[in-house]
There are 2 protein chains.
Amino acid sequence: MAGEGRSKDLGKGLGKSGELDFPRPLTTVDVVIFTILDDSLQVLLMQRPAGEGEPFPLSLALPGGFVDVTKDRDLAACAARKLKEKTGVTSPYLEQLGSWGSATRDPRGWSATHAYFALIPADASVLANDAHWFPIRGGRLKDKLAFDHGDILATAIQRLRNKVEYTSLPAYLMPPEFTLPDLQRVYEIVLDRPLEKSAFRTRILSADMIEPVAKMRRGPNRPAQLYRLKKGSEPVYFVRTFNPPE
Amino acid sequence: MAGEGRSKDLGKGLGKSGELDFPRPLTTVDVVIFTILDDSLQVLLMQRPAGEGEPFPLSLALPGGFVDVTKDRDLAACAARKLKEKTGVTSPYLEQLGSWGSATRDPRGWSATHAYFALIPADASVLANDAHWFPIRGGRLKDKLAFDHGDILATAIQRLRNKVEYTSLPAYLMPPEFTLPDLQRVYEIVLDRPLEKSAFRTRILSADMIEPVAKMRRGPNRPAQLYRLKKGSEPVYFVRTFNPPE
DNA sequence: CATAGTTAGTTGTACAGTCCAACTTACTTA
DNA sequence: TAAGTAAGTTGGACTGTACAACTAACTATG
């Protein structure tokens, strides 16, 4: 950051703090919210409003909006606010994804958005009535999105998949209690390939991130041990990836 | 991104595109530029100007500055421009690091910076005369930095170290021709721990990212094979990390 | 000119963790 | 009571690192 450089760039002398008078890009925050629903990875999208002057009227878009300098202490708080407004979830996994800024991404002018991505269990959310889940099949979304939100979503999917190879991130997509086969299924949904059962169990159990509860999941066959996330557990990083496909 | 939400947040009706009239945060780009020099990881820093109204006068800071909406097509172009201005390097490894935005990080008002990090070989650079290399010892910088640049730098160091565990990133810190022991040394400098010679060689050579040139590095002892990066090579991701310390 | 010193590079054994496949266990349903 | 199914275990093959000892190729030195 600086003020330095700017006055030089323009090649003319500016009064003190004159450099603050230059055109400022629009600043927004968008959130890519993932969950697992119906045995599939899903993302939360909203329909753009139709009002006059609104860009991409009625298109699908990521939840987000302008940073409110009077309300948002910082970017993460702004992202958490959006998440809360749309899903009611307050304490999810929330990670910064990156930022996208250019002269052309928003017809209203030079704009930059700070993108976050969140993982929540589907059953923990109560959606705002203009928000809906959309399934991601084959690693992509069917629909076209407003702005460059398609790029942002693609990056988020890639980041999620990449990290799932060597971290415990899917744990944040689980309900409070779950079985190891449940967790493995979520890994497989995100990665879109089957994993080895025994290697999976060894890895997860030796990572010390979940603990058994004194209950079993009962069903039409052998009961499965229920587990919960150990509290305060940061994501775990494994020293190997699962063996990659092909 | 949206305009939606904003008018609702404020609880009052706004004329068309009225939402664009709200206070906009300052938008800047900063670049964390790493190199290897004197057997040590170093970062490029500049001294802040002393002019009236300038925040953090004479403090050390990352190179960066305001996005110039008339000049910068997008954020990456802006970062590349900063890098070019300070080092003369045009084609480095340049990756987005993240963004930092809050009401308090800049005394001039709510501001958000988009941080990038770059890796360049030291000998490829010709520094601007207000820029200098500063060594990072023990994973930290001695000096305090302006703004939240200390946080940004710490994040960059952490990200670099983390990725070096399982990628070929250090290759971008090397001169055009180098030996395997040279490359291993750079890994060791960044990670701040010794690596196994034979495992290191096996991994790098089987990654198909470098190729031998028909020359040897001669010295006071056994000559070493020289290699160069295969052109067009994206960073390589290994399926294991080196065995982590302790 | 031989020998010591130093760094490049290889080899071999131990070990850890995945892959793959077969197996046992515990339950429901017919 | 037997068949079916999913949970969970076990063991051998394989891959790649850890560790350590080894060989190779050069310079410097007495």
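Throughout, a chain's letter reflects where its sequence line sits, starting with A, and its residues are numbered from 1.
Non-hydrogen atoms lying under 4.0 Å from DNA chain C are contributed by nothing in residues 170-187 of chain A.
Judged as a ring pair (Phe, Tyr, Trp, His ring centres under 6.0 Å), the pairs with a partner in residues 194-229 of chain B (not counting sequence neighbours) are, in order, B:Y187-B:F200. For residues 173-188 of chain A, the set of pairs meeting the salt bridge (Lys or Arg N to Asp or Glu O under 4.0 Å) definition, not counting sequence neighbours, comprises A:D39-A:R185, A:E177-A:K215, A:D182-A:R217, A:R185-A:E188.
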Does the protein touch nucleotides 11-16 of chain D at the base, only the backbone, or not at all? Give it as B, S and - per nucleotide, heavy atoms under 4.0 Å.
----BB
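By the side chain to side chain donor-acceptor pair (under 3.5 Å) test, A:K197 pairs with no residue at all, sequence neighbours left out. Under the side chain to side chain donor-acceptor pair (under 3.5 Å) criterion, A:N129 pairs with no residue, sequence neighbours left out. When the side chain to side chain donor-acceptor pair (under 3.5 Å) test is applied to A:R137, no partner is found at least two apart in sequence or on another chain. Considering only residues two or more places apart in sequence or on other chains, A:R73 meets the side chain to side chain donor-acceptor pair (under 3.5 Å) condition with none of them. With sequence neighbours left out, the salt bridge (charged side-chain N to carboxylate O under 4.0 Å, His left out) criterion links A:D208 to A:K230.
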Tabulated below should be each protein N or O lying under 3.5 Å from an N or O of nucleotides 27-30 of chain D; please produce it.
from: D:dT27; atom 1: O4'; to: B:P220; atom 2: O; distance (Å): 2.6

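Between its opening and closing five pairs, the helix from C:dC1-D:dG30 to C:dA30-D:dT1 changes axis direction by 20°, a value rounded to 10 degrees.
Phosphate contact (OP1/OP2 of D:dG8, side-chain N/O of A:R222, threshold under 4.0 Å): absent.
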Quick one: side chains of residues 116-128 of chain B, donor-acceptor pairs under 3.5 Å with protein atoms, not counting sequence neighbours, listed by atom name and distance.
from: B:Y116; atom 1: OH; to: B:A76; atom 2: N; distance (Å): 3.4
from: B:Y116; atom 1: OH; to: B:Q96; atom 2: NE2; distance (Å): 3.3
from: B:S125; atom 1: OG; to: B:A122; atom 2: O; distance (Å): 2.9

